[in-house]
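Data first, discussion second: the structure below is written as structure tokens.
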Amino acid sequence: MRSNSVAVLDIRSSEICALVGERGVNNTFIIKSKYVCAYDGYAEEELIDVRNFTEAVCNAVKNTLSAMNGIKTFYVGVPGEFLKLRCLDKVLSFKSAKRISSADCSLLLDSCRPEKSEKWITIKSTCAYYVLSDKRKVFDPISSVSDSLQGKCCFFECKTAFADCVLNAFKNFKEITSVNLIPSNYAEGMYLFEPDCRDECVVLFDMGYISSTYSVVCGNGLLYSESFSLGTGHIALYISSKLDIPFEVASAFLSQINLNAKEKLTSNEECVFEGQTYTFSTAELRDIIREGLDGMCETIEECRRNFVGRNIDAKPLFITGDEVKTIRGTADHISSRLEKTVEIIAPKVPYYDKPQFSSVLSLLDAALRDINK
């Protein structure tokens, strides 16, 4: 494989995507290989079926290796369900004013690094921002003159049990000599928003099938991140239970409904499954779906209240993820329910400018940045 190409594994709550790519012109990407496979997913910080997960990872890696030669390293995105974010304020004081060096920045992080634990391993550490002795907030303090250095230190810890499952799956491939774990929520925050947007807090909601993640992005890190086992799959399950219909039929209805449309009161939706026809009122289906989304909105609002770092009430909510477009009108409904501006955000890349590609392209961007250090 060419030295400027990287391989990434994006683990979502309903499917796994293995992708090989390199940097193109104008910060775009050249995709060399892409393979997607479904699996059972995860919920409540646990894999639903470890064996099924391992088989899916092996399947994705095997197909990638058969398509591309020379792959030795994989970058694997760790979903928010298996991450714990620690944000700490730390100050280094110097005897006199001096020019800040990269060594000072490293010392600041090392001085407050979490103790090693059997249940958690630190996979990423960064400073969201720094504060100099003159109270200036900066994102790159190197060469600045100050007699102290304060930082908002962010540590991303991965659940050891999940990391072990990933690494055990890769043991089946002797060609792979290195596996690097990347926090998916961090990668998305850094890729989807330009640095000037991250100067102040940016609120991001990644909507998934079984699991979704709410994050507050700032500078070069995250100030808050919370994942919860709630997604469009749960809304489909709610429809299935409410109308006593097969889950597959409920899932089909999800993609048929447009929450913004104004059909006649007599309008119906129809779905044929295993030879049987299911017909329900469009208005009834729309109301049930709205109820399901309202539950998600309540959780988003709870996350907003739990974040006490600074006031984000007036901040717009940016939504991305593989399930944003499943229910047409989702963003508008959430905006109305939360009484705030809601915008769908996606990669600014031709052919991949859709929210379902946010996660995998964010990982690709993070991996390419890493190999270019």
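A side-chain N or O of S146 and one of S133 form a donor-acceptor pair less than 3.5 Å apart. Judged purely by distance below 3.5 Å, without hydrogens or angles, the side chains of Y278 and Q276 pair a donor atom with an acceptor atom. A donor-acceptor pair shorter than 3.5 Å cannot be found between the side chains of E248 and S251. Of the N and O atoms on the side chains of N220 and T126, not one donor lies less than 3.5 Å from an acceptor on the other residue. Using modelled atom types and a 3.5 Å distance limit, the side chains of E269 and T282 yield a donor-acceptor pair. Under 3.5 Å, the side chains of T279 and N268 contain no donor-acceptor pair of N or O atoms. A donor and an acceptor atom, one from each side chain of D370 and Y75, are located under 3.5 Å apart. Between S13 and S211, the side chains place no donor N or O within less than 3.5 Å of an acceptor N or O (distance only, hydrogens not considered). When only modelled atom types and interatomic distance are considered, D294 and H333 share a side-chain donor-acceptor pair under 3.5 Å. A side-chain N or O of S5 and one of E22 form a donor-acceptor pair less than 3.5 Å apart.
A salt bridge links K242 with E291; the closest basic N to acidic carboxylate O contact falls under 4.0 Å. Using a 4.0 Å cut-off between a side-chain N of Lys or Arg and a carboxylate O of Asp or Glu, D104 and K98 qualify as a salt bridge. Between K348 and D353, none of the side-chain N atoms (NZ, or NE/NH1/NH2) sits under 4.0 Å from a carboxylate O, so this pair counts as no salt bridge. Using a 4.0 Å cut-off between a side-chain N of Lys or Arg and a carboxylate O of Asp or Glu, E157 and K119 do not qualify as a salt bridge. Between D49 and R51 there is no salt bridge, since no side-chain nitrogen of the basic residue lies less than 4.0 Å from a carboxylate oxygen of the acidic one. A salt bridge does not link K72 with E175: none of the charged nitrogens is closer than 4.0 Å to a carboxylate oxygen. Between E302 and R305, none of the side-chain N atoms (NZ, or NE/NH1/NH2) sits under 4.0 Å from a carboxylate O, so this pair counts as no salt bridge.
The heavy-atom pair separating C37 from N59 by the smallest distance is CB-ND2, 4.2 Å. Closest non-hydrogen pair, L368 versus N4, comes out as CD2-O, 3.7 Å.
Both tests pass for K137 against the ring of Y129: distance under 6.0 Å to the centre and angle within 45° of the axis.
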For side-chain contact (heavy atoms from CB on, under 4.5 Å), just list the numbers for D40 and F53, CA-CA rounded to whole Å, side-chain angles, deciding distance to a tenth of an Å, and then say yes or no. CA-CA 7 Å; D40 291 343; F53 170 75; over 6 Å; no
I would like to know whether V76 and I182 meet side-chain contact (heavy atoms from CB on, under 4.5 Å); could you show each step before the answer? CA-CA 6 Å; V76 180; I182 299 176; over 6 Å; no
Evaluate Y214 against F205 for ring-ring contact (aromatic ring centres under 6.0 Å, His included), listing each step before the verdict. CA-CA 5 Å; Y214 177 101; F205 178 62; 7.1 Å; no
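Distance alone, capped at 3.5 Å, is enough to place a donor-acceptor pair between the N311 side chain and the D313 backbone. Looking only at distances, no side-chain donor or acceptor of S336 sits under 3.5 Å from a matching main-chain atom of D332. Distance alone, capped at 3.5 Å, places no donor-acceptor pair between the T320 side chain and the S358 backbone. In this structure a side-chain-to-backbone donor-acceptor pair under 3.5 Å is present from S212 to G208.
Considering OH of Y186 and OG of S125, their distance stands at 9.5 Å, rounded to 0.5 Å. Rounding to the nearest 0.5 angstrom, the gap separating the OG atom in S229 from the CD atom in E81 is 3.5 Å.
Ring geometry for Y42 versus Y39: interplanar angle of 30 to 60°, hence tilted. Using bins of under 30°, 30° to 60° and over 60° for the plane-to-plane angle, the ring pair F82/F162 lands in the parallel bin.
Side-chain contact between N180 and F74 is absent, with no heavy atoms from C-beta onward closer than 4.5 Å. Residues V36 and K34 have side chains in contact (heavy-atom distance under 4.5 Å, counting atoms from C-beta outward). Between C218 and V202 the shortest side-chain heavy-atom distance does not fall below 4.5 Å. Between W120 and K159 the shortest side-chain heavy-atom distance falls below 4.5 Å. In this structure the side chain of V249 never reaches within 4.5 angstrom of the side chain of S240, judged on heavy atoms.
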